[in-house]
Amino acid sequence: MSYEVRPLTGVMGAEIVGVDLATLDDDSLSDVRRLMCEHEVVVFRDQSLTPRSQSEFSDRLGPSGEVPFVGTMSGFPNVIRVVKEADEGAAFNFGGAWHSDFSFQVEPPSFTVLAAVDLPPWGGDTVFASMTAAWAALGPQMRERLSALDAVHTARDAYSRRMQPLHSGMRGMSIVCDDSANDERVHPLVVVHPETGKEVLFYNRAYVRDIVGMDSEEAAELLDFLHAHTTDVRFQYRHRWRNGDVVVWDNRSTQHFAINDYAGFRRELHRTTVKGGVPSR
Ligand code: SIN
């Protein structure tokens, strides 16, 4: 297979031209996987994945892990329909907070595959931030401080029972909040990416809610700093969706945010996640 790699910014993101994800041979798949790790977000245009072929492609990257809280598509236990109907207004959307998918799991996803199905005429972009670039931009003293810390990941501010009314407003999705959202999982704040060997800040605003062994005032100050630093515009790529787009991102080295600026229009994308390993330093 011959393909072209077109970087999308100086820090992250690349469009890969000349690839049909539904018919990729094994050699090309390993090239594409390497590019996903290297560029962190990769864009494939003009694809025609069905839920079945998306699921098959995703499975070739690795088994899907557990999909908590969010109902999956009938017959496809690893496919989530990310959908907001035209009449659902602008109050809430799925993914509309900086996060890395399911980082509160023991083995958070390595990759997410998101395929465009029905797009608004404008808006509904997805913004990504590179946690590799954010880490690299820190000074030596801050790096030394952060390297020694462990972060507490929890879904309590997204999926605990008190959040149910927000999710229930989305008719096209079935999201069931429960007490497991209050569980806490500790991961190192700075990890080594298992495929690139690069150091990465394994931080995201939605699920990293505390720092182990730090008093709450100091932790809140540090988390505010990390949020402001890691989502700085210097580390971002903003994806403007087109019909036929499939975007794959590396959850181990990015955060993302789905912009909710298309009230009055419908937006649907299909998402699969691939199980990763235990994050480690
Ligand atoms: C997600 O956060 O998984 C969905 C992103 C999007 O809808 O753009």
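Whatever order the structure lists ligands and atoms in, that order sets their numbers, starting from 1.
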Please tabulate, for the side chains in residues 104-111, all donor-acceptor contacts under 3.5 angstrom to protein atoms that are two or more places apart in sequence or on a different chain.
residue : atom : partner : partner atom : Å
Gln105  : NE2  : Glu66   : O            : 3.1
Glu107  : OE1  : Lys275  : NZ           : 2.9
Ser110  : OG   : Val274  : O            : 3.2

dist Glu88:CD -> Arg171:CZ (nearest 0.5 Å) comes out at 5.0 Å
Rounded to the nearest 0.5 angstrom, the NE2-CZ distance for His99 and Phe102 is 8.5 Å
Just list the N/O pairs, ligand 1 to protein, that are under 3.5 Å apart, with the distance for each.
residue  : atom  : partner : partner atom : Å
ligand 1 : 2 (O) : His99   : NE2          : 2.9
ligand 1 : 2 (O) : His256  : NE2          : 3.0
ligand 1 : 3 (O) : Arg271  : NH1          : 2.6
ligand 1 : 7 (O) : Arg267  : NH1          : 2.8
ligand 1 : 7 (O) : Arg267  : NH2          : 3.4
ligand 1 : 8 (O) : Thr126  : OG1          : 2.5
ligand 1 : 8 (O) : Arg267  : NH2          : 2.8

Hydrophobic clusters here meaning ILVMFWY residues chained together by side-chain heavy-atom distances under 4.5 Å, can you tell me if Leu223 and Phe202 are in one?
yes
Is there a path of hydrophobic side-chain contacts, each under 4.5 Å between heavy atoms of I/L/V/M/F/W/Y residues, joining Val278 to Val191?
no
Is the backbone of Ile16 close enough, under 3.5 Å, to the side chain of Glu4 for a donor and an acceptor to pair up by distance?
no
